[in-house]
Amino acid sequence: MLAKIHVTLKNGVLDSQGKAVHHALNDLGYSEVQDVHLGKYMEIALKGISEKEAQTRVKEMCEKLLANTVIESYRFTLEPAE
Amino acid sequence: MKCGIVVFPGSNCDHDCYHILKHILQLDTHWIWHKDEALNSFDFIVLPGGFSYGDYLRPGAIARFSPIMKSVIAYANQGGRVLGICNGFQILVESGLLPGVLMDNAGQRFICKDLTLRVENNDTPFTALCEPGTVLKIPINHGQGRYFTDDDTLKRLQDNGQIVFRYCDTEGNTSDEANPNGSLDHIAGVVNATKNVMGMMPHPERCADPLWPNVDGQMIFKSLIESSLAHS
């Protein structure tokens, strides 16, 4: 099974990288760009557990290590391994 | 007086701290390897600056789960004094020993320079020898030093005197210009509620050897020594 995890800054937390990319896109002429949020994308390969267990354990991984929940939120999907 | 410096893979200010504590301040100074699990009886310990585990994921996020950190957390919870400098501060917030987080500098740049900070609270073991309002000149050297926390926590820090240092100009006035990284409320250092754990982004160990004209950093180490003597 493959867990695909996105970690991004929570709303209201200044995303200075997103802001810089936003300005750069506007400077390139993409005036339609209204907002940019940068985050992290992780893929975690899992073996020997059910999808139900994976839901609980990946959530735990996010809470414990992968995201700092003071400023970041996370979401993930579970897919069969390719 | 016995103190210890925790060495993580990627710590790079550990030798500077060791030099100041051992050779300048003449303390019985020990290395503590990150894989050790037990902590001997120390008067205080230092988590030094650097890039533990390459700052992968987030600064301090992986170091926080080093074997030694369990003992450091237990030591702190029993009232042991812990000073975290720069990456050490980042490890302390990740471990939950201090509130808040340290985010990318607002200007997106790594900053290495001398600057000034104001002592906001001298009723801590780390600042006992400073007068309130004293302006210390201590360098910073970080890419992720923007202190941030939610409003409730900030209010609590303000009300409890947990903000120990604020970035300021040479006259001691805070302003956006004097704030190098966009830290909330100009915060450069905080203590926990019981005031035995402090984290600061500036590097006192870099201005504590009298070979260098500026020894303002000594105030922090000497305060720690003084309060440890009073305590023992």
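Note on naming: letters A, B, ... go to the chains in the order of the sequence lines (proteins, then strands), and numbering restarts at 1 for each one.
Only the side chain of B:Arg146 comes within contact range of chain A, with heavy atoms under 4.5 Å apart.
Atom CZ of B:Phe110 is surrounded by more than 12 heavy atoms from other residues, nucleotides or ligands within 6.0 Å. No more than 12 heavy atoms of other residues, nucleotides or ligands lie within 6.0 Å of CG in B:Asp151, so this atom counts as exposed by the packing criterion. Open room surrounds CG on A:Asn11; 12 or fewer heavy atoms of other groups in view lie less than 6.0 Å from it.
Taking both residues in full, the closest heavy atoms of B:Ala106 and A:Ser16 are given as O-CB, 3.7 Å, listed atom of the first, atom of the second, then distance. The minimum heavy-atom distance between B:Met103 and A:Val13, with the atom names listed, is CE-CG1, 3.3 Å.
The line from CG of B:Asp150 to CD1 of A:Ile71 is 12.0 Å long, rounded to the nearest 0.5 Å.
Contact count versus chain A (heavy atoms, under 4.5 Å) is highest, among B:Val93, B:Asn105, B:Asp104, for B:Asp104. With chain A as the partner, the residue from B:Val101, B:Thr153, B:Thr149 showing the most heavy-atom pairs under 4.5 Å is B:Val101.
Listed by sequence position, A:Lys64, A:Leu65, A:Leu66, A:Ala67, A:Asn68 are the residues of residues 51-69 of chain A in contact with chain B, using a 4.5 angstrom heavy-atom cutoff. Scanning residues 40-49 of chain A against chain B with a 4.5 Å heavy-atom cutoff picks out A:Lys40, A:Met42, ordered by number.
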